[in-house]
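In what follows, a structure is listed as structure tokens, so that the remarks can point back to it.
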Amino acid sequence: MLGGFLNLSAGVSINHTTLSDVKNTVTLGGSTLSVIDPYRVRDAERGTPKNKEIIDAVYTHGPIVVDATVKRYGSYWYDASASGLLPGGNGNRDQQFSPEVYLDLDVAYVFRSGLRVFAGSQNLFDKYPDKYVLGNRSNGVNTYSFIAPNGASGRFVYVGLDFAY
């Protein structure tokens, strides 16, 4: 049962964000107020991964289609404290998150009529990003980062069918 077709693809994105000429104060009624804290600038510059790599393989053999995608996200930061790595007044501090790698897998059977039955999983191995340090958890509740590029809910499994004519 050899044969079939294998389609491989890869992609890379490299990002660099720099904010400049930030107007972080405003004057109201003769008083100068700070409206953009330094950590907000750091968050915009470092809050998304600097790189992302994707490798996708789609194997087709007759009516069977298998699609596997590996995604890797580089490290990123949660910037939450005016004092950086030292805890601020609310207990928050800047935190760097490790690179993350995930595997998505989809298997389908395509009938001649155009009906397709499929099942799959995003984040097949149920991986999670680094945990927040205690001071960065909202009211001590959120264990995982809400800015994680692949989400923080673990594995997602699905089944379905569709029709194309």
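Just so it is clear, the model here is predicted, and its values are computed rather than measured.
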Residue pair Ala80 / Asn136: nearest heavy atoms and the distance that separates them: CB-OD1, 4.4 Å
Minimum heavy-atom distance between Ser145 and Ala152, given as atom pair plus value: O-CB, 3.6 Å
Whichever hydrophobic residues join Val22 through chains of side-chain contacts under 4.5 Å: Leu19, Val26, Leu28, Leu33, Val35, Ile36, Val41
Contact summary for Ala119 and Val159, nearest pair of heavy atoms: CB-CG1, 3.8 Å
Worked check of side chain to side chain donor-acceptor pair (under 3.5 Å) between Ser98 and Asp130: CA-CA 7 Å; Ser98 303; Asp130 294 345; 2.9 Å; yes
Heavy-atom side-chain proximity of Arg72 to Val70 below 4.5 angstrom: no
Verdict with supporting geometry, Tyr109 and Arg116, side chain to side chain contact (heavy atoms under 4.5 Å, CB included): CA-CA 6 Å; Tyr109 188 93; Arg116 180 175 75 109; over 6 Å; no
Distance-only donor-acceptor check, side chains Gln122 and Asp104, under 3.5 Å: no
Evaluation steps, side chain to side chain contact (heavy atoms under 4.5 Å, CB included), between Phe125 and Tyr102: CA-CA 8 Å; Phe125 297 118; Tyr102 299 96; over 6 Å; no
Residues forming a ring pair (Phe, Tyr, Trp, His ring centres under 6.0 Å) with Tyr39, sequence neighbours excluded: none
Linked, directly or transitively: Leu124 and Val101 (ILVMFWY side chains, under 4.5 Å): yes
Lys50, NZ atom: more than 12 neighbouring heavy atoms under 6.0 Å: yes
Asp79 side chain reached by Arg46 side chain, heavy atoms, under 4.5 Å: yes
Residues clustered with Tyr78, ILVMFWY side-chain links under 4.5 angstrom: Tyr76, Phe97, Tyr132, Phe146, Ile147
ILVMFWY network linking Phe111 to Ile64, side-chain heavy atoms under 4.5 angstrom: yes
Asp43 side chain to Gly47 backbone, donor-acceptor under 3.5 Å: no
Common cluster, Phe163/Val65, ILVMFWY with side-chain heavy-atom separation under 4.5 Å: no
Between Ser75 and Gln96: side-chain donor-acceptor atoms closer than 3.5 Å: yes
Minimal non-hydrogen separation, Val133 against Gln95, with atom names: N-OE1, 3.0 Å
CA sep, side-chain torsions, deciding dist, call: Arg137, Thr143, side chain to side chain contact (heavy atoms under 4.5 Å, CB included): CA-CA 6 Å; Arg137 296 179 185 179; Thr143 304; 4.2 Å; yes
Residue pair Asp106 / Tyr158, side-chain donor-acceptor N/O under 3.5 Å: yes
Any donor-acceptor pair under 3.5 Å from Asp126 side chain to Arg155 backbone: yes
Joint hydrophobic cluster, Phe118 plus Leu115, side-chain heavy atoms closer than 4.5 Å: no
Arg40-Asn24 side chain donor-acceptor pair, cut-off 3.5 Å: no
Evaluation steps, side chain to side chain contact (heavy atoms under 4.5 Å, CB included), between Asn15 and Asn51: CA-CA 6 Å; Asn15 306 300; Asn51 54 61; over 6 Å; no
Nearest non-hydrogen partners of Asn92 and Gly135, listed with the distance: OD1-O, 2.5 Å
Glu100 side-chain N/O to Pro149 backbone N/O, donor-acceptor pair under 3.5 Å: no
Name of the residue among Ile54, Leu105, Ile55 meeting side chain to side chain contact (heavy atoms under 4.5 Å, CB included) with Thr69: Ile54
Atom of Ser121, atom of Val157 and distance for their closest heavy-atom approach: OG-CG2, 4.1 Å
